[in-house]
Amino acid sequence: MQYARGADTFPHMFTPRQLLNKALANRRNPWNWLLHLLGLVFFLLALLFHSSTLFGLAIGLGGIGLLNLHLPAGADNAFTKLAQAGLELEDSFRAMPRGWRKWLILSGLVVGAFFSVWALWTRAVLALCLLAGFGILARVAALNRAKGIRP
């Protein structure tokens, strides 16, 4: 089949911007969010074990998480609660006004991500223990704030 040049000659083609908009709209689904989280877990495991198979699986799950899967609403369990909490956290971060606090949080996340990638790739045990300690400390601080305990 021969196609002529022009904007409306390919009926099922999308521009990159349209694909990005569709992917971001589909990402708001809890199933897609869980697929992205699972892809992140496999990516971190691929860094730790230096595995190209796990890396390919992580990339695949990330890509599948951008599609519209047409899945029914999930049952009320720990995974759907995790996805809802993650989506709410993302919404609250997006709703924060741009200021020093938002930039501080964002820069901390970026530095933490680079440090995590380095620690997993080099398999630095002390750095991995430090990451686990910071994670536990953040969890305890969040639970204390939820109970009304202020430092």
**Prompt:** Is the count of non-hydrogen atoms from other residues, nucleotides or ligands lying under 6.0 Å from F115 atom CZ greater than 12?
**Reply:** yes
**Item:** Shared hydrophobic cluster, V110 / W118 (ILVMFWY, side-chain heavy atoms < 4.5 Å)
**Value:** no
**Prompt:** Can you list the steps and then say if W33 with R28 is a side chain to side chain contact (heavy atoms under 4.5 Å, CB included)?
**Reply:** CA-CA 7 Å; W33 195 89; R28 303 295 306 149; over 6 Å; no
**Message:** Is it the case that atom CZ in F93 sees more than 12 heavy atoms from other parts of the structure closer than 6.0 Å?
**Reply:** yes
**Prompt:** Closest heavy-atom contact between L54 and A46?
**Reply:** CB-CB, 3.6 Å
**Prompt:** Should L128 and I136 be regarded as members of a common hydrophobic cluster, given that ILVMFWY residues are connected when their side-chain heavy atoms come within less than 4.5 Å of each other, either directly or indirectly?
**Reply:** no
**Request:** Answer yes or no: is there a donor N or O on one side and an acceptor on the other, between the side chain of N29 and the main chain of N68, under 3.5 Å?
**Result:** no
**Fill in**
d(L106 CG, R101 CZ) to nearest 0.5 Å is 13.0 Å
**Prompt:** Are the side chains of K81 and N77 in touch, meaning some heavy atoms are under 4.5 Å apart?
**Reply:** no
**Request:** For A119 and L131, work out which heavy atoms get closest and say how close.
**Result:** CB-CD1, 4.0 Å
**Asked** To the nearest 0.5 Å, how far apart are CZ in F134 and OG in S116?
**Response** 11.0 Å
**Closest non-hydrogen atom pair, A83 against L34** = CB-CG, 3.9 Å
**Prompt:** Mind checking whether H50 and W121 have parallel, tilted or perpendicular rings, split at 30° and 60°?
**Reply:** parallel
**Beyond-backbone contact of L82 with L37, side-chain heavy atoms, under 4.5 angstrom** = yes
**Request:** With side chain to side chain contact (heavy atoms under 4.5 Å, CB included) as the test, would you mind laying out the steps for V117 and L47 before giving the verdict?
**Result:** CA-CA 7 Å; V117 166; L47 287 174; 3.9 Å; yes
**Message:** If I take atom OG from residue S51 and atom CG from residue L45, how far apart are they, to the nearest 0.5 angstrom?
**Reply:** 9.0 Å
**Asked** For the residue pair M96 and K102, what are the closest heavy atoms and their distance?
**Response** O-NZ, 3.4 Å
**Asked** If you round to the nearest 0.5 Å, how far is OG of S52 from CG of L57?
**Response** 11.5 Å
**Stepwise side chain to side chain contact (heavy atoms under 4.5 Å, CB included) check, L48 with R123** = CA-CA 6 Å; L48 183 63; R123 298 178 183 157; 4.2 Å; yes
**Asked** What closest approach, in Å, do L44 and L120 show between heavy atoms, and which atom pair accounts for it?
**Response** CD2-CD1, 3.5 Å
**Fill in**
Rounded to the nearest 0.5 angstrom, the CG-CD1 distance for L143 and I149 is 9.5 Å
**Message:** Please determine whether side chain to side chain contact (heavy atoms under 4.5 Å, CB included) holds for the pair I64 and L69, giving the CA-CA distance in whole Å, both sets of side-chain angles, and the decisive distance to 0.1 Å.
**Reply:** CA-CA 8 Å; I64 290 170; L69 301 176; 4.2 Å; yes
**Fill in**
Heavy atoms of A58 and F43 approach each other most closely as CB-N, 3.5 Å
**Request:** Identify whether I105 and L89 are in the same connected component of the hydrophobic contact network (ILVMFWY, side-chain heavy atoms under 4.5 Å).
**Result:** no
